[in-house]
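The structure appears right after this line, and notes come after that.
As the structure is a prediction and not an experimental result, all values here were calculated from the model.
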Amino acid sequence: RKGAPTGTYSYQGSVALKALELLGREFGMFGGRGAPAPDATAAMSDAGLEERAVRLARELGLGGGGA
């Protein structure tokens with residue numbers, strides 16, 4: 001609160017990587033079994049895609065406040 005250190009920082013890249021993987025799967029960026037069709041979001045507008053990304057970020061606890 002007053003600028004005093006509260007602990008040590010521990011980077012956990014695997015957590016960030018998993019979050020990106022889940023977002024990619026949700027948006028159909030990967031082929032394969034269980035993944036949505038690659039064109040699942042093709043018909044969505046840019047605003048619709050942004051809204052979906054913000055909602056998913058909030059669900060994942062990443063903030064997602066938007067611009």
Side-chain angles (χ1 to χ4, degrees):
R1 200 168 173 180
K2 295 180 180 181
T6 58
T8 59
Y9 175 77
S10 173
Y11 176 75
Q12 296 185 11
S14 61
V15 176
L17 183 60
K18 186 63 175 181
L20 290 171
E21 177 187 348
L22 292 172
L23 283 170
R25 286 178 189 238
E26 180 70 22
F27 281 95
M29 295 174 70
F30 310 114
R33 189 175 60 160
D39 61 344
T41 57
M44 293 179 75
S45 67
D46 288 346
L49 288 170
E50 183 176 356
E51 181 180 317
R52 187 172 180 188
V54 169
R55 179 182 50 81
L56 290 170
R58 285 185 183 138
E59 288 176 10
L60 292 170
L62 301 174

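- Checked by atom type and distance alone, the side chain of Arg52 pairs as donor or acceptor with a backbone atom of Glu26 at under 3.5 Å.
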Could you tabulate the donor-acceptor pairs under 3.5 Å formed by side-chain atoms of residues 10-20, not counting sequence neighbours?
none

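- For the atom pair Leu23 CG and Arg25 CZ, the distance stands at 12.0 Å (nearest 0.5 Å).
- Within a 6.0 Å radius of CD in Glu51, no more than 12 heavy atoms belonging to other residues, nucleotides or ligands are found.
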